[in-house]
Amino acid sequence: MNYNFTEIEKKWQERWEKNCSFKAQNGGEKEKYYILVEFPYPSGSGLHVGHVRSYTALDSLARLKRSQGYNVLFPMGWDAFGAPAEQYAIKNHVYPANMVSDCIATFKAQIKSIGSSFDWSREFSTTDPDYYKWTQWQFLQFYKAGLAYKDEKEINWCQKCKTGLSNEDAAGGVCERCGSETTKKLKNQWMLKMSAYADSLIEGLKDTEFLEKIKTAQINWIGKSVGAEVDFKLKDTEDTLTVFTTRCDTLFGVTAMVLSPEHSLLEKYKDRISNYEEVQKYQEAAKKKSEIERTDMTKEKTGVKVEGLKAINPVNDEEIEIWISDYVLAGYGTGAIMTVPAHDDRDYDFAKKYNIPIKQVIAKNIVGTGDSAIKEDKPFTDREVVIAAIKHPEEDKYLCVKNKKFEWINFVIGGIENGESVLEAAQREITEETGYTDIEIEKELPFIYFDNFFARHKDVNRHITCHTVVGKLKSLNIIERSKEESDLQEVMWVTKDELIETLNTEAHRYDAKRVLEDREVYTEDGVHVNSGFLDGLNKEDAIEKMLEFLEENKCGRKTTNYRLQDWIFSRQRFWGEPIPMVFCEKCGWVPVPESELPVILPDVPSYEPTDNGESPLSTVEEWVNTTCPTCGGHATRETDTMPNWAGSSWYWIRYMDADYKEGIASMEAMKYWGQVDLYNGGMEHATRHLLYARFWNQFLYDQGIVPVREPFKKRVAHGMILGENNEKMSKSKGNVVNPDDMVKNYGADALRTYELFIGDYTKDAAWSENGLKGCKKFLDRIYRLQNKLNSEEEYSKELESEIHKTIKKVTDDIETMNYNTAVSALMILLNSFDKQSSISRKDYRTILHLLNPIAPHITEELNEICGLGEEFTKSTWPAYDESKMVTASYEIGVQINGKLRASILVSADEAEESIKEKAFENENVKRYIEGKEIVKTIIIPNRIVSIVIK
RNA sequence: GCUUCUGUGGCGGAAUAGGUAGACGCGCUGGACUCAAAAUCCAGUGAUAGCGAUAUCAUGUCGGUUCGAGUCCGACCAGAAGCACCA
């Protein structure tokens with residue numbers, strides 16, 4: 001039986017349009033439900049199968065919710081400002097607006113062809129003056145609140161696009177649009193004070209149901225870090241050099257200061273800096289480097305010592321050298337750091353290269369466990385000891401001693417006696433304990449550490465300060481040890497590889513690790529040493545105490561820093577919303593009066609960005625020259641435009657009341673629709689768009705313009721549709737699938753069904769045309785099912801329970817966006833229907849209704865031609881009855897010692913005794929339990945019987 | 001390096017709360033219909049052994065908890081994404 005899906009689809013799409021079937025009402029009795037899918041950029045390449053996936057998924061949910069009696073807002077619009085349209089305009093010398101409206105028309109027709117139930121009465125484009133009037137108006141609100149300001153700033157500059165980029169758009173030093181490397185350029189820019197909302201953006205996440213990974217991505221992006229600012233006096237000046245640190249407790253370990261090359265103090269004291277030329281050379285080199293080069297962590301650090309300037313450490317008045325290096329970022333913290341090479345890997349690298357001293361201020365603090373755990377009731381003794389890691393003269397082995405009584409294996413260890421140096425003590429102990437005399441100590445490891453334990457052999461607690469030396473034997477010359485020593489321990493040689501496993505105590509293993517890795521810097525926590533009033537404290541207490549000190553002495557304060565910076569809001573582009581500000585020689589920057597909005601974007605002779613970094617708008621003199629709203633004198637318009645993120649930062653609000661003339665939307669409409677219940681979009685927008693939009697909305701809320709603080713209740717992200725070869729679809733790879741072709745060849749319903757069936761909605765999935773054919777086949781079988789129709793009006797007895805189960809399954813699955821299993825459940829139900837000789841009219845109508853959100857056209861058609869009832873767009877979703885879902889009998893498995901050995905048929909209400917009996921009667925079960933003792937029998941109703949035998 | 005996520009047949013993927021692993025679909029094999037093909041229908045399809053009942057193995061690897069682990073715990077391996085010289 002053939003049917004013309006193209007005609008059927010056309011017929012229903014026209015009918016829905018004529019009846020305004022999907023128009024949402026503002027207000028009314030019904031409960032509201034707001035479903036939002038990110039509006040597309042109407043590019044010339046048309047709709048992608050990826051769009052089809054998310055639009056269809058949310059469309060199915062929208063259709064379900066409507067059928068369940070919700071007032072569903074499911075709108076669509078166009079995000080049409082920005083680079084792609086402009087690029088196209090430059091290339092083809094056409095006015096972007098014309099191109100945009102052509103693309104919108106194509107996109108819209110394509111979206112309609114897949115049967116999406118969008119409420120087109122609320123459609124708009126961000127490029128409509130009626131829309132961007134309000135984008136501009138909102139910018140003025142930011143300005144009035146002091147959150148929009150103009151600032152001379154080093155911005156990310158893309159040579160190729162000839163425009164400034166926000167930090168977000170130039171992440172990693174790469175231009176988001178063209179992929180080329182960005183450089184820095186000093187420009188006067190409009191900024192939005194997003195940093196003021198950093199904490200609020202973190203806090204607000206608590207009130208949302210975003211995916212965990214989206215929340216973490218946002219928190220990482222904001223990058224909150226709590227620490228302190230510390231003021232170092234600049235020697236022989238009145239100035240101070242302020243640094244930001246999260247570890248003010250290491251202040252006693254500071255051995256240098258490092259400034260970013262851009263630091264302002266350098267310019268100020270250039271007369272004092274004796275090597276200023278060298279400094280300047282480095283500054284220029286740093287400026288030329290791209291962000292990528294500067295932040296490449298694999299490359300060696302570089303820097304220049306600033307001769308003639310010194311800083312004074314506020315805790316001990318030590319004079320400290322000052323350096324510049326590009327590993328210190330100008331834009332974070334104060335653009336200067338204090339260097340603690342002993343406890344920071346980056347500082348260590350820098351210090352090693354330039355011979356900056358390394359000073360230990362934190363010592364590892366080992367605390368014994370088990371037999372060595374401290375005993376509270378025993379006395380404590382303090383000791384200074386030396387531990388000697390001594391190498392064999394020829395082989396790669398280390399000298400150890402084994403305690404005969406306790407079987408401990410250790411390096412040679414011994415107390416340092418009064419007046420003795422560490423090296424002398426080591427020499428003496430080695431000869432005493434092992435008899436070897438020809439010893440060469442190479443060095444003492446720079447860091448001491450502490451070991452706290454209960455010494456069983458002496459029955460006291462010990463707190464020992466450990467000094468470690470490394471060396472070797474020059475020969476195996478040996479003298480006889482005292483009897484006492486030779487009775488107590490034997491000498492042994494342990495190979496390098498076995499050392500760590502062989503040594504008994506954590507302290508010796510720590511030494512072994514240090515010796516073998518030849519490391520000096522240890523960033524692990526411990527207790528403070530060489531730190532005056534912090535000695536003996538742990539990290540947390542030391543930070544607190546140091547903060548107290550800094551504040552008392554007025555040389556520092558607790559501070560929080562964020563990675564998130566203010567939003568650079570200017571673009572030197574033509575195709576964007578004009579920023580509604582004018583500059584007057586007398587009055588400075590003056591906002592365009594709200595009554596004069598919108599500031600219409602004029603056409604320009606050339607869309608090309610200019611070489612001098614000005615927007616093409618600057619060439620339209622009659623537009624640029626205007627009068628000052630304040631004094632009436634001559635003024636010029638701001639010629640930069642807004643970034644393309646601006647229009648998408650409030651579009652969901654406009655959908656609530658798209659024709660409203662008095663504001664962004666009426667308060668009544670905004671209160672009615674409230675939050676977006678479900679917002680779908682790609683993972684690529686998890687940080688930027690979502691943060692901008694939340695920031696914008698939180699601001700509007702604080703101004704009393706919108707009624708909710710967090711705009712989106714729940715955010716979900718769809719997975720990508722990959723090409724048949726499992727790679728991202730792209731023209732160059734030739735694996736692009738055009739949805740139009742699929743609609744033409746298989747029908748919109750088949751395409752929809754397939755894209756929902758393809759796999760987990762949130763994960764990427766590879767396209768398969770065979771899979772699509774399979775879904776077409778499924779719909780064909782649904783179509784042919786009409787031949788089995790009898791005249792019964794109730795559910796068929798044989799199918800009733802399965803139908804109820806399927807209603808529940810499909811309802812739950814669509815609501816939780818598990819579309820693939822919803823489709824599969826319907827396939828299973830169809831298989832059951834097909835096994836029957838005939839099906840009732842209610843059976844058929846129900847499967848059609850359940851399938852309707854997924855394949856709306858063919859189900860409506862079948863419902864109509866078979867005269868089964870009202871259109872599904874006007875019908876109430878089928879209800880299920882839990883009590884009818886139980887099956888009369890079912891099979892359950894029987895396990896013996898955890899292995900499945902049989903399955904038995906039991907009835908729904910069968911007693912446990914009877915189930916047990918049936919299990920034991922089974923032939924295969926009998927075989928296994930014969931002659932064995934039955935330890936226990938576990939019966940889990942509806943699931944399994946588990947028999948344990950011995 | 002840090003954070004997050006993911007590892008199941010030839011493939012896409014199922015498996016509420018730990019309870020018969022591999023649903024459903026694709027592909028493949030065989031058969032029916034047909035002069036033939038397409039379409040459709042029927043049967044089979046994790047691996048190994050066996051005619052078969054059945055047995056052994058199997059959810060990245062190794063351990064653990066449990067009558068029972070894809071699912072819980074620990075360690076590791078692999079891949080993906082995000083952040084990254086952020087002091």
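Below, each value reflects all heavy atoms present in this structure, side chains not excepted, and no hydrogens, waters or symmetry copies. Quick note on labels: first sequence line is chain A, next is B, and so on, each numbered from 1.
If you measure from atom CD1 of A:I828 to atom P of B:G22, you get 13 Å, rounded to the nearest angstrom. In this structure, A:L772 places its CG atom 12 Å from P of B:G27, rounding to the nearest Å. Between A:L779 atom CG and B:C26 atom P there is a gap of 12 Å when expressed in whole angstrom units. Rounded to a whole Å, the CZ atom of A:R901 is 13 Å from the C1' atom of B:G68. Distance A:E802 CD to B:C24 C1': 13 Å, rounded to the nearest Å. Straight-line distance from the NZ atom of A:K950 to the P atom of B:C67: 13 Å, rounded to whole Å. If you measure from atom CG of A:D780 to atom C1' of B:C41, you get 14 Å, rounded to the nearest angstrom. Atom CE in A:M257 sits about 16 Å away from atom P in B:A87, given to the nearest Å.
Within 4.0 Å (heavy atoms only), A:L826 reaches no atom of the nucleic acid at all. Residue contacts shown for A:K773 are absent, as no nucleic acid heavy atom lies under 4.0 Å away. Using a 4.0 Å heavy-atom criterion, one finds that A:Y761 contacts no nucleic acid atom at all. Residue A:I940 is in base contact, counting any heavy-atom pair closer than 4.0 Å across all strands shown. A:N924 comes within contact range of the sugar-phosphate backbone alone, with a heavy-atom separation under 4.0 Å but no base atom that close. In this structure, A:N831 reaches the sugar-phosphate backbone alone: every heavy-atom distance under 4.0 Å involves primed, P, OP1 or OP2 atoms, never a base. Within 4.0 Å (heavy atoms only), A:E923 reaches no atom of the nucleic acid at all.
The CZ atom of A:F833 sits 10.5 Å away from atom NZ of A:K788, with the distance rounded to the nearest 0.5 Å. Interatomic distance, A:L826 CG to A:L779 CG, rounded to the nearest 0.5 Å: 10.5 Å.
A gap of 14 Å separates the P atoms of B:U16 and B:A21, to the nearest Å. Only the P atoms considered, B:U54 is 37 Å distant from B:A38, to the nearest whole Å. B:C73 sits 24 Å from B:C2 when the C1' atoms are compared, rounded to a whole Å. One C1' atom belongs to B:U65, the other to B:A75, and the distance between them is 15 Å to the nearest Å. Atom C1' of B:G46 sits at a distance of 16 Å from the matching atom of B:U29, rounded to the whole Å. Separating the P atom of B:A58 from that of B:G68 is a span of 15 Å, rounded to the nearest Å. Atom name C1', nucleotides B:A23 and B:A14: the rounded distance is 5 Å, in whole Å. The same atom, C1', is picked in B:U61 and in B:U8; the two are 15 Å apart, to the nearest Å.
Between the side chain of A:K359 and the backbone N or O of A:F252 there is at least one donor-acceptor pair closer than 3.5 Å. Judged by distance alone, the side chain of A:Q786 and the main-chain N or O of A:Y783 form a donor-acceptor pair under 3.5 Å.
In terms of phosphate contacts, A:Y928 brings a side-chain nitrogen or oxygen within less than 4.0 Å of OP1 or OP2 of B:A55. Under 4.0 angstrom from either OP1 or OP2 of B:G19 there lies no side-chain N or O belonging to A:S946. Residue A:Y754 has no polar side-chain atom (N or O) positioned under 4.0 Å from OP1 or OP2 of B:G25.
One side chain, A:Y761 or A:N680, offers a donor N or O that lies under 3.5 Å from an acceptor on the other. Side-chain contact, A:D749 with A:Y754: no donor N or O sits under 3.5 Å from an acceptor N or O. Using modelled atom types and a 3.5 Å distance limit, the side chains of A:Y746 and A:E769 yield a donor-acceptor pair. For the residue pair A:E802 and A:S832, a side-chain donor N or O sits within less than 3.5 Å of a side-chain acceptor on the partner.
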Exercise for the section: Would you please test A:E882 and A:K805 for salt bridge (charged side-chain N to carboxylate O under 4.0 Å, His left out) and show each step? Expected result: CA-CA 8 Å; A:E882 296 265 2; A:K805 276 191 211 161; over 6 Å; no

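Looking at the side chain of A:L329, the nearest of the listed nucleotides B:G82, B:U54, B:A87 is B:A87. Listed nucleotides B:C85, B:G19, B:C57 differ in distance to A:K301; the shortest reach to its side chain belongs to B:C85. Nearest nucleotide to the side chain of A:W221, out of B:G19, B:A87, B:C83: B:C83. Comparing B:U56, B:A21, B:G82 by their nearest atom to the side chain of A:L900 picks out B:A21. Closest to the side chain of A:S225, out of B:A87, B:C67, B:G82, is B:A87.
Mapped onto RNA chain B by nearest heavy atom, A:C775 and A:G898 fall at different nucleotides, with A:C775 at the one closer to the 5' end. Two residues, A:G774 and A:D347, neighbour RNA chain B, and the one matched to the more 5' nucleotide by heavy-atom proximity is A:G774.
Residues A:D347 and A:T255 are not in side-chain contact: their nearest non-hydrogen atoms beyond the backbone lie 4.5 Å or more apart. Considering only heavy atoms from C-beta on, A:F350 stays 4.5 Å or farther from A:V328 through its side chain.
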Practice task
Report, as a single string ordered 5' to 3', how protein heavy atoms within less than 4.0 Å touch nucleotides 4-17 of chain B: B base, S sugar-phosphate only, - not at all.
Solution key: S-------BSS-BB

Handout entry: Bracket notation of RNA chain B in which parentheses pair within the strand, [ ] cross earlier pairs, and | pairs with another strand (Watson-Crick or G-U, under 3.5 Å)
Key = (((((((..(((......[....)))((((((.......))))))((((....))))..(((((..]....))))))))))))....

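In this structure B:G18 sits in the anti conformation; its chi angle is more than 90° from 0.
Between A:W645 and A:H689, the two ring planes are parallel [angle under 30°; tilted spans 30° to 60°].
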